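First comes the structure, then the notes that go with it.
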Amino acid sequence: MSAAAGKPRLLIVGPPGSGKGTQAAFLADRFDIPAISTGDIFRANIKEGTALGKQVQAIVSEGGYVPDSLTNEIVRDRLHQPDAIEGFLLDGYPRTTDQVVALDALLAESDASLDAVVQLQADTEEVVARLLKRAAEQGRTDDTEEVIRHRLDLYAHETAPLIEVFTARGLVVAVDGLGEVDEVTARIDAALAARGIIVPAV
């Protein structure tokens, strides 16, 4: 189904400090689609003490990664809920090429596929400065420059293979993530519009 004829199926990626969470919320609101963050789902289940939450908590507390099989199952369950049938915005999934394969298979079951991957780009030095400022304002002493740079390196390492896959499919919409929030939002809207994915008129 063409995104222009209905709600889009989107994925947003961006390094820490790129404003991804803010833009994800705005995108979901403008297209009237759910923003689906696996991190949020995990945290909510841990907080509520569900069976899934206990399983995830046990893995995380030992410093491990939640396995793809479990993450895939959670996303499958979420995408089958009524509000996500027509369209959605994924944030934090897929993180691995194996998860891309799982997502492809899941969407193919309903003859669907991703419409676009919004990639927020940001200069590393600018992001480091932004995150150090935020850490100081919020009193987050653990967010040292070394820790921040490690997180950015990890993001780049993990995301590069995914961006390659989606670029080969012609799905990546690269947008400068730095600047005023409204400016970035306008850039995203324009980039999506160029692909025929138009924000509905209010």
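Along the sequence shown, residues carry numbers from 1. Nothing here was measured: the structure is a model prediction, and the numbers come from that model.
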Do [X] and [Y] share a hydrophobic cluster (ILVMFWY, side-chain heavy atoms under 4.5 Å, transitive)?
X	Y	result
V101	L103	no
V60	V75	yes
I33	L107	no
F166	L10	no
V172	Y155	yes

Self-check item: Option from I197, I85, D32 for which side chain to side chain contact (heavy atoms under 4.5 Å, CB included) with K7 holds
Solution: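 So the option named by the test is D32.
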
Tell me whether [X] is salt-bridged to [Y], with the criterion being a basic N under 4.0 Å from an acidic carboxylate O.
X	Y	result
E126	R130	no
R76	E109	yes
R78	D83	yes
D189	R30	yes

Say whether, by atom type as modelled, one donor and one acceptor occur between the side chain of [X] and the main chain of [Y] under 3.5 angstrom.
X	Y	result
R187	D176	yes
Y93	S37	no
E73	S69	no
N72	D68	yes
Q23	S18	no
D115	R9	yes

Exercise: identify the closest heavy-atom pair between [X] and [Y]:
X	Y	value
G17	V127	CA-CG1, 4.1 Å
R95	Q99	N-OE1, 2.6 Å
A35	A24	CB-O, 4.4 Å

Would you indicate whether the side-chain heavy atoms of [Y] and [X] approach each other to under 4.5 Å?
X	Y	result
I41	I36	yes
I163	V13	yes
L152	P16	yes
L89	F31	no
V184	F26	no
Q121	V175	no
R134	L131	yes
H80	L106	yes

What is the distance from atom [atom1] of [X] to atom [atom2] of [Y], rounded to the nearest 0.5 Å?
X	Y	atom1	atom2	answer
L120	L178	CG	CG	9.5 Å
R151	I148	CZ	CD1	6.5 Å
I188	Q119	CD1	CD	11.5 Å
D91	T38	CG	OG1	7.5 Å
F42	T71	CZ	OG1	4.0 Å
Q55	N45	CD	CG	10.5 Å

Exercise. Report the C-alpha distance between R169 and V100 in whole Å, list the side-chain angles of each, state the deciding distance to 0.1 Å, and finish with yes or no for side-chain contact (heavy atoms from CB on, under 4.5 Å).
Key: CA-CA 12 Å; R169 297 181 187 181; V100 173; 3.8 Å; yes

Quiz item: Just checking, any donor-acceptor pair under 3.5 angstrom between side chains of S113 and D104?
Solution: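 Absent: no donor and acceptor within the cut-off.
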
Exercise. Please lay out, stage by stage, how V173 and V117 fare under the test side-chain contact (heavy atoms from CB on, under 4.5 Å).
Key: CA-CA 6 Å; V173 175; V117 175; over 6 Å; no

Practice problem: Apply side-chain contact (heavy atoms from CB on, under 4.5 Å) to H150 and V147, showing your working. | Solution: CA-CA 5 Å; H150 176 68; V147 167; 5.7 Å; no

Quiz item: Passes side-chain contact (heavy atoms from CB on, under 4.5 Å), L11 versus V118? Steps please.
Solution: CA-CA 6 Å; L11 164 65; V118 177; over 6 Å; no

Practice problem: Answer yes or no: does atom CD of E146 have more than 12 heavy-atom neighbours from other residues, nucleotides or ligands under 6.0 Å? | Solution: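 Atom CD in E146 is not crowded, with 12 or fewer foreign heavy atoms closer than 6.0 Å.
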
